Structures are given as structure tokens and as C-alpha cells.
Protein chains: 2
Amino acid sequence: MKRNSRLSLALHTLSHMAGEPDRMRTSTDIADHAGTNPVVVRRVLGKLREAGLLTSEKGHAGGWRLARKPQDISMADVYLALDERLVASDEISAAPACSIEHALHKRVSGVLEEIEQSLVKKLGETSIAEVRGA
Amino acid sequence: MKRNSRLSLALHTLSHMAGEPDRMRTSTDIADHAGTNPVVVRRVLGKLREAGLLTSEKGHAGGWRLARKPQDISMADVYLALDERLVASDEISAAPACSIEHALHKRVSGVLEEIEQSLVKKLGETSIAEVRGA
DNA sequence: CCATACGTAACTTTTATAGTTGCATTAGTC
DNA sequence: GACTAATGCAACTATAAAAGTTACGTATGG
């Protein structure tokens, strides 16, 4: 188990799906391949479904499939769907007691926000269809 | 207690020190101001000492002081001294079993490394003496 | 009607970090 | 020289976030 494996799991799974977009995959299949648990897979892919990247079907022949063409799903789409915020944090800073702390927080979070944006931009340059081609 | 408060603690403390560079501060003073524990302070500031940003003195009139002029210590110096790597991770990825995972990891860590660099660059633009002036 | 899938809630396990305690060492002060 | 007050460090505990697990409800194709 590692920290922040959700993004890895999501990207890994979608990259595979990009190869065979029509194939339906079950949570169990995906979990086995990724070395994790079906419930974890459903948790992660559920967020991608909410974001419109995937569709899921219940019942006997159910499973997961891409909701769009692989070329139309960028790594940024995946990242944003998971609410990751790898760099910046959304924490509501509890009333900075001292003015220096306040100024510091403002400046640091400004920098982190810029970096967060450029991360999204960079991730937006690659679609999940392009991942395999190193 | 919050995640990754070490950088906050370090920057906050050094920003204060930048205002009165000659004043000697004890771990206990600093901990009280920051709302934490003297040992935690020594752990964090110890890394800054290793990096040559601070000096410490033992004994009766001991404590902590800047080792350089405040103008000559950037936020990047502090960040790097702590080995933070907020964006990229140093994890040795345990032999990716599948080729897609391999390609993915290569691409993602490439992006993260670039972003990490630009974070350091951005942090390098501000010295701890400049923090107070929002 | 039954097998198989997702959806979700509740709980347990794991891991990183902060926090704490205790003690050795060092250095001023009386 | 004894005393006091500081850092240095090791070992332990506490907390919180994330992953993993179990259990069960719901839907659906055969």
C-alpha cells in the first residue's frame, strides 16, 4: 500500500482501457491486475464516473468502460476528477495568530496555487491514448 | 497536528528571525510561539543547521540563530534543506509488472520532476527577509 | 430464480507524522 | 565545583489519512 495510489490506479486502468475501449472490465479483473481490492477500484473509478470519464453497469454482464474516446481523455481530466490537489491544499487555515504567519501563508499558498495550475496544464498535454507510446 | 507542518514551522520561524537576526531563541520559545513541542522544533531546525542556514549553541545561554544574512536565505533553501519533495516522490517503484504501468510511471514521474523543479525555482525568488512585506 | 456485477456503509489495518518522555552532554552562573 | 538551562538524540506513544476488508443491498442478464 502506498500513499496516493489512487491516481496511479486510475491512470493505469484507463491506459489499459484506451487499448481496448469496447471491452467491459469488472472491478475484480481490474483489482487483480492492479494488485488491489475490488472495493478500492469501485471507489476510485466511481469518481471518474461522476466526472463523466467512465460508465458502469450493474448486473450479470456489468462492469466498467470508457465514456469517451481515449484521445479525448487527458491525464488532467483524470487528476481533476479525483480532487487530488497534489501540490496545493484546500485546508482552511485556522486564523493565523501572528501577522508574519499570515503573510507567509499568503505567499506560500500563492506559489503552490501557481504550481498546481502548471501541473494540471502539463497533465493536460497527454491523453490516456498516448501513454503507452513512451 | 497537520500534514507537512515542518516547512510551515521552518519558514515561520526563520521569517521571525529575519526581523531580529541577532536575538538568540530557544527551542522552547519557538515551540510556544508555533504551538508545538521543543523536540519537534529541534528536529526541524536541526536539518536547517545541517544545511548551514542556522547555528545552535548548547548550554545556559544557548539557542538558535541565523547563520547568514536574512537576504541570503531563500524559501527554496529552506525547502531543500528539509528534503521535502512536495511534488515528486523518491520511491523506488518496485519493478512494474506490466509495460503500460512502466510507460505510465515514466511519463508521470517526468512531469512531476519538472513541476518539482519549477516549485524550487519559484520558492527561490523570495528570501525570508521579504516574507513579511506581503 | 439464480449468479454476478456494482454501490455503499462500517470497520480494521497500515503508515507517516507529530508529540512526548527521558537522559546524556554542554556551557554559562553563582 | 555545583547548579541551572540549553541542545542532541533515542525510544516510545498518539493521531490521522489512506488503503484494505467485510457485509449487505440493489440491479440485471440468463
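Reminder, nothing fancy here: chain letters follow the sequence lines and each chain counts from 1. Source: prediction; values computed, not measured.
Legend: residues meeting side chain to side chain donor-acceptor pair (under 3.5 Å) with A:Glu113, ordered by chain and number and at least two apart, are A:Arg85, A:Gln117. Remark: B:Lys47 pairs with B:Asp83 by the salt bridge (Lys or Arg N to Asp or Glu O under 4.0 Å) rule, at least two apart or across chains. In this structure A:Ser127 satisfies the side chain to side chain donor-acceptor pair (under 3.5 Å) test together with A:Glu130, sequence neighbours excluded. Qualifying side chain to side chain contact (heavy atoms under 4.5 Å, CB included) partners for A:His60, counting only residues two or more places apart in sequence or in other chains: none. Considering only residues two or more places apart in sequence or on other chains, B:Ser74 meets the side chain to side chain donor-acceptor pair (under 3.5 Å) condition with B:Asp77. The side chain to side chain contact (heavy atoms under 4.5 Å, CB included) search around A:Ala51 returns A:Leu53, A:Ala81, not counting sequence neighbours.
Near DNA chain C, meaning a heavy atom under 4.0 Å from it, residues 42-52 of chain A has A:Arg42, A:Arg43, A:Arg49 in order of number. Within residues 22-37 of chain B, the residues approaching DNA chain C are B:Thr36, B:Asn37, by heavy-atom distance under 4.0 Å.
Contact between the side-chain N/O atoms of A:Ser56 and the OP1/OP2 oxygens of C:dG7 is found at a separation under 4.0 Å.
Within the structure, every pair that satisfies the ring pair (Phe, Tyr, Trp, His ring centres under 6.0 Å) test and touches residues 18-56 of chain B, not counting sequence neighbours, is listed here: B:His12-B:His33, B:His16-B:His33. Annotation: salt bridge (Lys or Arg N to Asp or Glu O under 4.0 Å) contacts involving residues 20-45 of chain B, sequence neighbours excluded, comprise B:Glu20-B:Arg23, B:Glu20-B:Arg25. Pairs passing the side-chain hydrogen bond (donor to acceptor under 3.5 Å, both in side chains) check and including a residue from residues 62-72 of chain A, sequence neighbours excluded, read A:Ser27-A:Trp64.
Regarding B:Arg65, its CZ atom lies at a distance of 12 Å from the P atom of D:dT7, rounded to whole Å. Here the C1' atom of nucleotide C:dA16 and the CG atom of B:Asp83 are 16 Å apart, to the nearest Å.
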Report task. Apply side-chain contact (heavy atoms from CB on, under 4.5 Å) to the pair B:Thr13 and B:Leu54, showing each step before the final yes or no. Result -> CA-CA 11 Å; B:Thr13 303; B:Leu54 289 178; over 6 Å; no
Requested in this report: Classify every nucleotide of nucleotides 25-30 of chain D by which part a protein heavy atom approaches to under 4.0 Å, writing B for the base, S for the sugar-phosphate alone and - for neither, in 5'-to-3' order.
Outcome: --BBB-
